[in-house]
Every structure is written in C-alpha cells, then in structure tokens.
Amino acid sequence: MSSDTVEITCIACPVGCDVSLEVDDGEIQSIEGNTCPRGADYAKEEYRNPTRILPTTARVAGGVLPRVPVKSAEPMPKPELEDAMAEIAAVEVDAPIELGDVIVENVCDTGVDIVATRDLPATEE
Amino acid sequence: MTETEMERAESAQSAAEAEQAIRRETHDLVVVGGGPAGLAAAQEAYDQGVEDIVILERDFELGGILQQCIHNGFGLHYFDEELTGPEYAQEFIENVAERGVDIRLNTMVEEVTDEKIVYAVSEDDGLTEIDAEAVVLAMGCRERTREALDIPGDRPAGVFTAGTAQRYINMEGKMPGEKAVILGSGDIGLIMARRMYLEGADVEAVLEILPYTGGLTRNVVQCLEDFDIPLRTQQTITEIYGDERVEGVTVQEVDKDFEPIPGTEYDIECDTVLLSVGLIPENELSEGAGVDMHAVTGGPVVDDGRETSVDGIYACGNVLHVHDLVDWVTEESMIAGRSVAKQLQGDIEVREDPIEIESTGAVSYVVPERITKADDDREKLPLYLRVYAPMDEVFVTVECGDEQLAREFERRAEPGEMITVDIDTEALADLPENRLTVDVVPKEEI
Ligand SMILES: Cc1cc2nc3c(=O)[nH]c(=O)nc-3n(C[C@H](O)[C@H](O)[C@H](O)COP(=O)(O)OP(=O)(O)OC[C@H]3O[C@@H](n4cnc5c(N)ncnc54)[C@H](O)[C@@H]3O)c2cc1C
Ligand code: SF4
C-alpha cells in the first residue's frame, strides 16, 4: 500500500492555506487544512493535473527588439514547462509580429499554442 | 541619468548655447511618462473632453515597465482577464493612438516648474519649452540599488537590480549570468528567480531579511516551489566578493533588529547577484516643481483628484506611491485624468472645508491624503492603503469622529499588497469633523 501525505499551498486567494491530501494509490482519501471549499477544489486539481501559463520570449529577426514576449495561450501541464522552453528557444520569427500571432503550434504535443503577447514592428529600412 | 540621457541633455545644452531657437509651444495637458499611468490619465482626460494632450516619453516606445513584465497576472481587476504586462500595455497604447493624442518618444523631460512650464529634450527637436495648463506627473519608480544598501565587499561586475536583469533578458535577449543569488523576495525577485531558472541559469537561493516574503503566495509557489528554488528568510548578503566578476557572496542570518548574527555566515558561489530590495517613486521632477512630498510613500502629497500641492500639477501611478497591481494604477490614473479635465473645463468645485485623511495604528499610509474636490458625480471614492506587517482576518475601517464611513473585511493584509476601501461620497456631505482616520483592526477587536 502506498499511502502518502501531499502538502499543497492553496493559491486561490491571498491567505495561502497549507492543504494536506491523504493519498492512497493515487486516489485522494481526505483533504485537510483548507479553510474554504475553494481550497479543496484547488488542491484536487493541483494534485491530479497541475497546469501553468508559461510566459517567456522568442527570438526575432529584423524587429525593433531582438525578442518578442510570448505565452502559452492556455495553462499547460506543469511537467512540460522545461521541454516547452527548449522548443520555443529553437525558433526564430520574422518581424513584424502581431499580438496573438502563433509562434509555436501545439507545443510539446500538449494541444496548446505559444502566442505573441505584443505587436513588434520591423526595423525601418 | 543613463549615458544616452546624459548625451541628449548635453547636446540640448550646446544647442541652446548656440542660441538656436528653442521650440516654444502651449498645450492644455502635458503628461510626463508614457507608462500605464500616463496612458490611462491621457485617455480619460481625452474622453472627458480635453483634446490638446501631449505625452512625453523618454523611451523608444510607450508602455513603461510593463513591456519588460512579460509574465501573466495583470488585469484581473480591470479587464476581468489575466493578461501579461505587454498585453495590458498594448490595450492602452492603442487607445491613446486611436484618440490621436500627440505622442513624443525619445523625449526626456528635464524640468517642470511650479508655473507648469515643461522643458523636454529630444535628439530630433532639441529643447522644447511647453507652457501647459495642466501637467500629469507619471514617471513611475526606480529600483533601490546596492549603493543605497551599502553591502560591503568588492565591486565586481555581475550585480544587477532585478528590473535591469528583467529588461536584459526579456527585451534584449541577454542573460546576466549563469549562477544567481537573489536578494529580496518581493514579487519582482520571485518572478526573476523563475525567469532565470527557465532560461537555464542556476538560482542558488532567494534571500529575505524579513521573517516573511514580500511577494504573493502564488508567486512563492509558482516561481520558487515549482522549481525547488530555496527561499531563506531572515538572511542577508553581508559581503559580495570577486575580482572582475562576482565569484560569490557571504550570507548571514539576522536577528529581529536585522543585525547579522555572528557565527552564522556561509558562502554561496555565484556569478550574478540580483537585487530586488524595493522601489522608490521617481520624483526629481516633482521636487523641482516644488510639490509637497509624503514621508512614507516617497511621492507627492495629493488630494482626491490626485492634484499635488501645486495648482494644476497632478501625479498618478508609481510616481505617487508604489503599486503592486497595475489595475490600481489604471484606476488611479483615470481619477487623475478626470479631475484634470474638470479643472481645465473650469467646472471643478472646491470644498470649503477640505478633509484630511490620516492613517493610524497598523496602517502605514493612505492615498489620497486629503479630499478637496466637491464636484461630485462619482459615487465612490476609493482609498488606497498599506499595512506595516502581515495580519490575518482584519477589518479596514474609515472613521470620522464617532461615525463609521466604511468597513471592509480582509482575510489577510500584507505590506506587499495594497488594500483598497471605498467611501460612499454621499457620506462626505455631512461630517462631524474634517478629519477621517483609517485603521486596520483584527476581527476579534471589533
Ligand atoms: C519590475 C516590476 C514588476 C511588476 N510586476 C507586476 C505584476 O506582476 N502585476 C502587476 O499588476 N503589476 C506589476 N508591477 C506593477 C506595475 O507594472 C506598475 O505598477 C506600473 O507599470 C506602474 O505604471 P507607471 O506608469 O506608474 O510607471 P512605469 O510603467 O514605470 O512608467 C513610467 C514611464 O515614465 C517614463 N519616464 C520617467 N521619467 C521620465 C522623464 N523624465 N521624461 C520622460 N519620460 C519619463 C519612463 O520611461 C516610463 O515609460 C510591476 C512593477 C515593476 C517595477
Ligand atoms: S483554502 Fe480558501 S481561504 Fe485558504 S487559501 Fe484557499 S481559497 Fe483562500
């Protein structure tokens, strides 16, 4: 039997309760420490499928800046963050770029696109 | 001043010396700084009927500090949607562009006088003297530097403020180093720990002199815990060593008076130190204009319209007090923009009996510090405040004599998070005295 306690800090509000999950073979048995129901929902989701928005930058050719800020259009699985960084680092986009342009499609096969978060004009001339 | 700013200033000076014609202009409203504060003030003033507006921005583009804050977490209050800094900025840049506001980039404001004469220099136009009817100061803030803190030791390369490193990485694509120690656990320090880590650097530790972090719990979880970056509280850097480049730092535990405890020192090898030890409103221009300054915020003292002690000079955003959420910058700047418009149109009414707002007890400051305007079609008047130390389950109260004007519950109050409380403007019509006190009290004491 693999019974475990998993500690998760709830970030659904600024109080930041320490929530502990009793987990048995991957099944959540009990939840403690949350002072409101949102904490239980958050902890369940964070245990089963933690996701994050990934904000970073991508290389640009011919722009007023050499980098354009980008983000994952939706929260993506947390374990994929570092691989996604590598995939984004491998691309170079040509300016001009518009906010919302897809920079990497379906990053790491997660079904999530990496999109530009600003307009970036090309250098004049 | 940066080097280019200095060069610009010098070239402007020699231009003046050669008795070249100084450009002279008059405008209704001059906004100094094109960050979110300046943009929102300009937009709102325009929407309230002021058409002759000029924004002067020293950088090559608008948007201010937001352009380097590429992380998400902006706009939840204002747009009801979580945006990154650049996305938030772009919305307001487009808004002022659509309104045809006169935008002058690469233009450094050198001086603002108490007569609202604004002196600006740019490479293209040289020195321009603008006689303005009203001025909005929106220069933002700057970071405290190592010098301000006096860490002993060598002066090797590799020590950056977190904001400078943020600009290098996010806008210029340059990494400041490979192995970093971050001093200060406010949100900027936490965000930069994640950023350096994801860009491939080792982040050895984030050190915090206080017993608690100054950043949001969410950032502690998503920027440090996600990547196993250690946060060490009640510790500080007591020495930075290295010849040309940083080679390491000496860290010591501190006691409750922040004095290093002998015998606790240990070394961390690193090539980079990021300082995230606080922001200070950028107020050289404000002081030059002779506005009264506030001892706690480091910004001008303002009234409910964000007008300073000098008639027609307004201030909003980080120049006034450091904001942690840009949404409040926008709200505050719109208040300023609206008030400017009313003044320029001559329909502002001034209260015969200005109301002073005082902070007491656990409250470190409240903005605005007084209420002088009476012209009210606004329903609510928001007060912005901060507390000295973290507290759980509190009520924020606004009182006048025996009367309570507002009371709001907060599950948690932290120095790093600005609190807002709204007063119903109707309640201001008939007050027992011309002084409001704002306090934050634990739930049990109510
Ligand atoms: C590093 C950092 C990280 C942040 N992270 C977050 C976050 O995660 N979420 C959030 O909601 N908020 C965040 N904030 C807060 C928010 O971004 C700021 O409160 C907001 O950008 C302040 O707007 P501002 O217009 O007052 O100042 P700024 O954005 O600093 O704009 C000031 C502008 O004035 C210009 N200027 C200054 N002096 C002159 C002069 N003499 N002449 C001409 N132009 C001048 C500057 O170039 C700049 O463009 C962060 C702030 C900082 C500093
Ligand atoms: S459990 Fe409830 S009160 Fe505690 S941090 Fe989460 S949302 Fe806030």
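Convention: sequence-line order gives letters A, B, ...; per-chain numbering from 1. No experiment lies behind these values; they were computed from the predicted model shown.
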Stepwise side chain to side chain contact (heavy atoms under 4.5 Å, CB included) test for Glu61(B) and Leu65(A): CA-CA 11 Å; Glu61(B) 63 178 359; Leu65(A) 290 167; 4.3 Å; yes
For [X], I'd like to know if atom [atom1] has over 12 heavy atoms of other residues, nucleotides or ligands within 6.0 Å.
| X | atom1 | answer |
| --- | --- | --- |
| Asp80(B) | CG | no |
| Glu32(A) | CD | no |
| Glu178(B) | CD | no |

Distance (rounded to the nearest 0.5 Å) between Gln67(B) CD and Arg118(A) CZ: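 One gets 4.5 Å once the value is rounded to the nearest 0.5 Å.
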Derivation and outcome, side chain to side chain contact (heavy atoms under 4.5 Å, CB included), residues Arg52(A) and Arg194(B): CA-CA 13 Å; Arg52(A) 301 285 186 266; Arg194(B) 172 176 67 184; 5.9 Å; no
Any donor-acceptor pair under 3.5 Å from Gln90(B) side chain to Asp119(A) backbone: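 Indeed, once roles are kept as given, a pair shorter than 3.5 Å links the two residues.
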Greatest number of heavy atom pairs closer than 4.5 Å to chain A - which of Ile169(B), Asp226(B), Asp392(B), Thr84(B): Asp226(B)
Option in Gln222(B), Arg218(B), Glu393(B) with maximal non-hydrogen atom pairs under 4.5 Å from chain A: Gln222(B)
No-hydrogen, no-angle side-chain donor-acceptor test under 3.5 Å, Arg195(B) and Thr56(A): yes
Looking at side-chain heavy atoms only, is the closest gap between [X] and [Y] below 4.5 Å?
| X | Y | answer |
| --- | --- | --- |
| Glu82(A) | Phe227(B) | yes |
| Thr117(A) | Tyr88(B) | no |
| Ile70(B) | Thr57(A) | yes |

Where on [X] is there a heavy atom nearer than 4.5 Å to chain A: the side chain, the backbone, both, or neither?
| X | result |
| --- | --- |
| Leu216(B) | neither |
| Glu410(B) | neither |
| Gln68(B) | neither |
| Glu87(B) | both |
| Glu94(B) | side chain |
| Glu417(B) | side chain |

Carboxylate-amine/guanidinium contact Glu82(B) Lys71(A), below 4.0 Å: no
Residue selection (most heavy-atom pairs with chain B, distance under 4.5 Å) from Pro50(A), Pro69(A), Gly16(A): Pro69(A)
Option in Pro66(A), Gly100(A), Cys10(A) with maximal non-hydrogen atom pairs under 4.5 Å from chain B: Pro66(A)
Interface moiety of Leu54(A) toward chain B, non-hydrogen atoms closer than 4.5 Å: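 Answer is side chain: those atoms of Leu54(A) sit under 4.5 Å from chain B.
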